[in-house]
Amino acid sequence: MGKQDGFFTIERKNGEYRPVKERILDFDPVEQMLPAEDVQIQSNRCMDCGVPFCSMYGCPLGNRIPDYSDLVSRGLWKEALDLLESTNNFPEITGRICPAPCEAACTLDVDFGANTCEEIELAIAEMGWKNGWVVPDIAPVKTGKRVAVIGSGPAGLAAAQQLARKGHEVVVFEKADRIGGLLMYGIPNFKLEKGVIERRLEQMRAEGVTFETEVEVGRDLSAHYILSKFDAVAITSGTPLARDLTIPGRELKGIHLALEYLTQQTRIVLGDTVSEDEYIDARGKHVVVIGGGDTGSDCVGTSIRRGAASVTQIELLPKPPENRIDTNPWPEWPATLRTSSSHEEGAERLWSIGSKEFLGEGGQVKQLACVRLEWEGRQFREKPGSEFLLDADLVLLSMGFVPFKESPLVKEFGLSLDDRGSISVNSSYQTSVDKIFAAGDATTGASLVVRAIDHGRRCAEGIDEFLKN
Amino acid sequence: MQETISGQHIERLRAQTMQSGGYGLYRTRFEHDNCGVGFIAHMDGNVRHSIVSDGLKVLRNLQHRGAVGGDQKTGDGAGIMTQIPHSFFNTTASGLKLPAPGSYAVGMVFFPHDADHEAYKKSIELSTENRGFTFIGWREVPVDPSGLGELALSTEPGIFQFFITHESLRGEALQRKLYVLRRLIEKNVEEVLGEKDQFYICSLSSSVIVYKGMLTGDQVETYYPDLRDSRYESAFAIIHSRFSTNTLPQWRLAQPFRYLAHNGEINTLKGNINRQKAREGYMTSKVLGDDVRHVVPVIDESGSDSAIFDNVLELFTMAGRSIPHVMMMMIPEAYSPEIQMSADKRAFYEYHSPIMEPWDGPAAVVFTDGRFIGATLDRNGLRPARYTVMKDGLIVLASETGVVDLPASEVRMKGRLHPGKMFLVDLEQHRIIPDNVIKSRLSRQNPYRRWVKNTRLELRGLFAPAGVHKMEAQELLEKQILFGYTDEDMQTIIRPMANKGQEAIGSMGNDTGLAVLSDTSEMLFSYFKQQFAQVTNPPIDPLREQLMMSLESFIENETNPLDEDQSQYRSFKLPHPVLTSRDLAKIRDNPHPELVYQDLDITYIPDKTGKAMEKALDGMCAEAERLTSEGVSLMILTDKKAGPGRAPIPSLLAVSALHQYMLKKHLRGRIGIIVEAGDVREVFHYALHLAFGCDAICPYVAFATVRALAEKGSLDDPSVEIASDNYVKAIKKGLLKTFSRMGISTLHSFFNTQIFEAVGLADDVVDRYFTGTISRIGGAGIPELSWDVEQRLAQAYPADGRKAKLREVGGSYRYRPGSEPHYWSPDAIRLLQSATRQKSYEIFKQFTAIMDTSYRTNGEIRGLLDFKAAEPIPIEEVEPVEAITRRFVSAAMSIGSIGKEAHETVAIAMNRLGAKSNSGEGGEDPVRIKPLENGDSMRSRIKQVASGRFGVTTEYIMSADELQIKMAQGAKPGEGGQLPGKKVSEYIAKIRHTTPGVTLISPPPHHDIYSIEDLAQLIHDLRSVNPQAEVSVKLVSEPGVGTIASGVCKAKADRVIISGQNGGTGASPLTAIRHAGLPWELGLAETQQALILNKLRSQIIVQTDGHLKTGRDLAIATLLGAEEYGFGTSLLITLGCIMMRKCHLNTCPFGVATQDPELRKLFRGKAEFIIEFLRFVAQEFREYMARLGFRTVEEMVGRVDMLRYVPNGQKKKAAGLHLDAILASDHLNAGVPLHFEKTGDRPGLSRFDKAIDKELKKFWGTAEKTTISLEVNNRDRTIGAALSGKIVSVYGADGLPDDTLTFNLTGAVGQSFGAFLARGVTLRLKGEANDYLGKGLSGGTIIVVPPEDSKIPPEKNIITGNVMMYGATSGKAFINGMAGERFCVRNSGGTAVVEGVGDHGCEYMTGGTVVILGETGKNFAAGMSGGIAYIYDPAEQFDSRCNLDMVELEGVWDMKDQNVLKDLIKEHYDLTGSEVALDILENWEVQYPQFVKVVPVEYRKVLERISLNENRDDETMSVTEEVFNG
């Protein structure tokens, strides 16, 4: 804590977005980093609270925000990096895309504007990369144990890195053609440059992690094979099954799951070629995004960049309040209206909308029949006579994910599931089957990247303990 | 339990307790006593009965300084020592034929109650004859037990005198043999008859005899008819009347002892005993010769501190030194370099310092060897002693003046004993020997100065070898991890010390568990809690009274202490006990043959069982013993070899183990112990080392850490040298603070005191390695302690071979993920706030579920307690919530520590609940007395009286339902406080009666409470002002708090509060937050046990606080003995506090604990939140009551039998823990009440108030000018207070016009004369006054002049006592004579003119005007932040006596000043007729330049700014804002 009254005398400041006009012309990152000097000044705002809600209530990883803020305020970037790396394997990623529950839980968020925890985190991480401080942490002793990690999202990568550093031989299996899971294909490049991931994978390879892409365990490789070749398995396969919208007209062309679209777009950005009949083109189209979450917003930004004529995002739920309401007090996560950079780029957002039917011409979707909803508590009903039509040449469905009950993986390994259909694990992240552990969205349902990293780390601890005995 | 068993049981339990030395948590050794003491002597040395009868009269007149126990008759002990009354014994009285006086001796003995006296007699006769004495005969001492109390009677001894003679020996030689004889008799009785405690020889002397017993002051003469016999004659009498904190006194512990009578308390006793034991290993005596072996062990450890002092005084006197010489050794005056003193005297003290350590603590000691009779005072002057010398040679010295009537015209002089000074009467030479004469004579009796010069060895004289190993970054990091350094230690502990040279400050108390219940690896240091001074001995202010303190230490190579020559002073002197690596290298490299060192490795190869560590400890001790026999004199314990595969023994364990081992082998005095330890870094660690026997410490990892911080640029100043110096400076300051917290002044006397309680160490570990340390709940053994160490070893050197990278996070002071858990977790805070805002009992239950679980998992004693199964009752049958919330109070939080809004909200909430809020220290806005329009009231029903006495006016006292005397506070017991000037806003200043912008200092002690009888006096004062208010005393849990609580009860308080260590807002040094004080569970249980054993429980209400939050907390507190409950932190949390711990920085972002007007706007708390919370707590408490079958709180109090210990099997370290002492329940069957029962038995009007009552009947209607004349004596205490209370309640805070009521009084008046005197009253006294004159003066006028026929010059003679005008807010005092120590201490608005003052004048003064027309003592104006003093200083020496830290001196050149001064002197002359004043006035032009004006720097600036602003025409900004912001 550099300055005792910093919170009072220094105004909160974040890195700015590039101007809308400029940024919608490319897929480069929207957000610009604040110069290090400014971050250092900002770090003085942290009050070093006696009870740091940021790290202990907000951050699933328990990032030591007051401590790293203090170090940054004194210009001790290297020490700050050491501290940050002790709790977070990928600060350069969370520093970019985390919704920052830490900031929502920051004491200053009540009256003064939260400490810029996330911006500081990113600055520390990038300072580390820039100065070559991020180096492979190669285990001095190899244990000779082999661990398979299935799925290369944030949980899998964190588990793999932790395990490799413990001296285990780690192989990561990924069914897609690139490593990273949702980090790679779920988040557009303008929010998370893919080079950031590659840079980290390079380090992990040096630490001894082997990556196997385009291998789907349970299909390409049998469970038996895996179990016979590895001493332990971490299933970090996420929740790949997106929720679909089963209303009339769903079979029409031009209706896609959000991830289909986002994946394709990222591949193009990364230089892959996509055949014309596969290509989902937003140019000149009226795009309707169904679902008001982050993925929906990513679809908004992407289709704007691809020259959509209009973009409308609709949401079932009512419009959240601008500010916290009494029953949702600090430090709880604020259920308030969020406006992403993509929204600023020119989308119309509608709330309390029910989707009734897709209307098409010649097998191609043209319109979406909607109805306005009235909410009472958690119940809604359709408002009589409020039906209307939306122009919709391209519809993107981003309504979250469903548990993967029927996953071949689960079946193959014979894992027990919990009530919600996720893989059930104990406090050491062990599944019902010997040697098999699981972590991340696969065990919790869709959640935050930070939480997945946290799970991956703990799962690695569980596996390490298991392998010791 | 329900049936009442006969009172016999309690007596049996009491007897058992006395015999075994304890019950439950209670230990008889915890008892404290304070007393009235004095002597009367005639210089002519002629014997007369009048001396004896006057002595008895003094005893009667000091009655109020003694106390009575539960039965109201048994005194705590009183007695008298006289010369042997030869003419009395040589007549019919003894029936014996006695030889000439001086050739025989009388032994006065107590035989055990009901014992076979003949066996004892035979044993004595045998011993006597074996030693070549002739036995003359026995005399059964006649006694009249009719007035005695039950307890005194039940233990009444058989009292006999025996007479013996020796054919050849006389004088000193005879006394010496008598000493040896007495020891032999004692040993023989113990050996043959197996009796030790009940057999006792009061005196065995050829010159003096002691009559004493478990008596009150006035019972002495009735019990012993001998003393009333007119043939009983003596040339002197020493008297003593005791006030003990408990009611388990013993006949033998009454005073005087054989050589002295002591009013005081020895804080360093354990160290003194250890040192004496060490000395016994190598002492010889030319004069005692072979007899030395008969007298050892010299100390009877079952005696009180005073008795033990007497034992050692006797040894050194009998071995050939004169008694004043030994007194100078044992109670040396301060001789720090700042104090002016002759080189000879300084050398005397220095020579003796390795031989004898100070017996430190408040003390007034009267002593005699039959020829000399004298008195001496401790260096701090913390006990009063006044004397009068008559023209005919009669001398009276006593704790108070006026104890016998002496004609004023015959007085030659009146004086007081100055701090550290001695007063001696030589009965052979018939003269008084003044302090300087005695001491200069003694200082020159041997060439001490030459001896010291020749043999002194000093660190700075040694040469430094080249190059000291510097640790590389990685090595340092590993060492830091190995020795348990956390990031927090770096940030919070080390960095502030290296930066600023002082210990860091924190706030909001401690909310983590005990070390023994922690799952993480803990430092051994954390298993100890520091003790501190409260009530019976005052803590000291190490900053403002620094010249009394010293860190000098000696590494001794002791030689025979009993004879004097050059060889005795052979010690190695260190300026302080912190050694740098370079210092240590110097020592290792030294060429001196008497300083032979050997390194002892204190590392071992871990084996995960603790056996290896134990073996290493044993090996080290044996090795040291061997080395000692080879002549090695310095053992350097070092853990530098610790590293991969080698674990360090905790350095404290190694040091204490060696120390205790060598003590037991009588070898400790032969060696010095230095430790070179990686784990030592905080002040607390050093303090522990020193208290457990370490001579000096080299914290090499701490120094390397400081160096690394400096080199890395993490410090304000990058210089390594400065940073290291700062670090050492911080340790030094912190150590002084630590000592002073316990009332100890010097390292020399702190050394070896073991003044810490082990909390959570296994009994065998304590017995073996920390022998004699208080430890009451068992805990971790060696295997667990080695686990702690080996755990860290594994972290420092990971098994996989990777280099360690990070330290642990820490998280003790602030919560951190992965750190040790705190109770106030984010979830706990969130849930409590939600529950109170949403009025949801359901959420509240979630909150208490988290809390109650965390007590168990985090490690709090109550988490290990559970309820036994009981027959439940329906909850409807339990008394309602409203009945319970009435038992609630809010903890004292001052309006300086929390904001106005928060303070008022708490008050409103508590009042709505019918509970009580507490003003805290710092006054309260009188506006709040009046209820608000909506019926709410912001008046705090409890008004606190703390050491600063801020805003304690008559009105404030009158506005209270309860007056709370704060003796200590949980977060920082034993310390004062400071409110920085920038926080003293106009509002704060107004209610505190001070000046905005001027820093306010609360002294560590109450300057009117240096002892338990002083507390009784303050209680009496407060009660006098407001008889309706209850008086409570707040204590902090520590070992012995139960005995103090008993003393508080005997001092007639209505309520005692036992605070847990955890609580507390405001700023405190981190050491105090974490390491001082105990959980309330221990203190409360001990208090309950002690009160019951002392048959006092039904007379006092017991309240507890310290993180009470849940119904379960209340249930457990109740079963342990509490019937009222205080809430502090939890209330603030409901108001929005989230434990930021920023209170001390004024940056609370929720506007709770800040004075910043902008931040205060953010306060969102509401009274409703508090009310919801407290009603929820009460409701949940009721659920527990129903479950346990209790309908009312009353029937539940103290039912400890309903609790059981449930060990937490998951705690790796807690296996050895036992809570038997807490759960002791024998007293439940004792047939005495377990809870408060007393009903409205208020003390009636005092003699004085009765006397004036009639005459004032008419006055109350008319308020006409009235004058009353009366005679007074020293039993008339607190005159004017009751009247003032009534005036304020009738006429309001401003009282009446000046001089409406005038009292002309004559005589020597008792203490607290004119206390809280309201405006309109003038007290004019002809005579003299005792201590505390004008305490809390609130507008009245006090005039004191000598009696009319007095012939002595007033300006040279003492007329009023110590601590005058303490906390005065307005009013005037004119004293035609000298005042004692601490004149106008903490005065904030009173005006005083006096003709001379003692030491520490105007200490902590914040306002008011003082004129001193004569001498001033040392350390004037220490901590003086406001007000002005004018000193008449014709000798121009004042600047040498003034403490210039905060004040400036200037001349009185300004006309305005001149006028103020002249007017005051004129007024003084008009009112007193002072000749000094007249002389000054008559020669004004010559005299005024001889005045010095003392003005605090900060105060002057504030005044200048205010006057500047007043002179501006268009000033828009208010004056105070300017002050506040500027």
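For the pair A:Met47/B:Pro1149, a side-chain contact is recorded, criterion being any heavy-atom separation below 4.5 Å from C-beta on. Contact check for A:Pro52 versus B:Arg814: no side-chain heavy atoms found under the 4.5 Å cut-off. Residues B:Asp827 and A:Met56 form no side-chain contact, since every pair of their non-hydrogen atoms from C-beta on lies 4.5 Å or further apart.
Shown here is B:Lys1212, whose NZ atom has more than 12 heavy atoms of other residues, nucleotides or ligands within 6.0 Å. Within a 6.0 Å radius of NZ in A:Lys166, no more than 12 heavy atoms belonging to other residues, nucleotides or ligands are found. The environment of NZ in B:Lys712 is crowded: more than 12 heavy-atom neighbours from other residues, nucleotides or ligands sit within 6.0 Å. Within 6.0 Å of the NZ atom in A:Lys142, the count of heavy atoms belonging to other residues, nucleotides or ligands exceeds 12. The number of heavy atoms from other shown groups lying within 6.0 Å of NZ (B:Lys803) does not exceed 12. Around NZ of B:Lys839, the count of heavy atoms belonging to other residues, nucleotides or ligands within 6.0 Å exceeds 12.
Here B:Gln491 contributes atom CD and A:Leu71 contributes atom CG; the two are 6.5 Å apart, rounded to the nearest 0.5 Å. The line from CD of B:Glu488 to CG of A:Asp67 is 8.5 Å long, rounded to the nearest 0.5 Å. For the atom pair CD of A:Glu85 and NZ of B:Lys805, the computed distance is 5.5 Å after rounding to the nearest 0.5 Å. The line from CG of B:Asp800 to CZ of A:Arg165 is 12.5 Å long, rounded to the nearest 0.5 Å. Taking CZ from A:Phe7 and OG1 from B:Thr1147, the interatomic distance works out to 5.0 Å, rounded to the nearest 0.5 Å.
For the options A:Val141, A:Thr143, A:Val51, heavy-atom pairs under 4.5 Å to chain B are most numerous at A:Val51. Most heavy-atom pairs under 4.5 Å with chain B: of the set A:Asp326, A:Thr87, A:Leu76, A:Asp82, this distinction falls to A:Asp82. Contact count versus chain B (heavy atoms, under 4.5 Å) is highest, among A:Thr327, A:Asp137, A:Leu83, for A:Asp137. Most heavy-atom pairs under 4.5 Å with chain A: of the set B:Glu1158, B:Met1139, B:Arg837, this distinction falls to B:Met1139.
Pairing each heavy atom of A:Ala139 with each of B:Arg802, the nearest pair is CA-NH2, 3.5 Å. Between A:Pro140 and B:Gly801, the shortest heavy-atom contact is CG-C, 3.8 Å. B:Arg816 and A:Cys49 get closest at one heavy-atom pair: NH1-O, 3.9 Å. Between B:Pro817 and A:Arg64, the shortest heavy-atom distance links the atoms CG-CG, 4.2 Å.
For A:Ala105, no part lies near chain B; criterion is any non-hydrogen pair under 4.5 Å. With a 4.5 Å cut-off on non-hydrogen atoms, A:Ile138 touches chain B through its backbone but not through its side chain. Interface residue A:Asp111: only side-chain heavy atoms are found under 4.5 Å from chain B. Interface remark: B:Leu806 contributes side-chain atoms only to the contact with chain A (heavy atom separation under 4.5 Å). Only the side chain of B:Phe1150 comes within contact range of chain A, with at least one heavy atom under 4.5 Å from a heavy atom of that chain.
B:Lys1142 contributes a side-chain N or O that, together with a main-chain N or O of A:Asp48, makes up a donor-acceptor pair within less than 3.5 Å.
Pairs of residues two or more places apart, or lying in two chains, that qualify as ring pair (Phe, Tyr, Trp, His ring centres under 6.0 Å) and include a residue from residues 52-76 of chain A are A:Phe53-A:Trp330.
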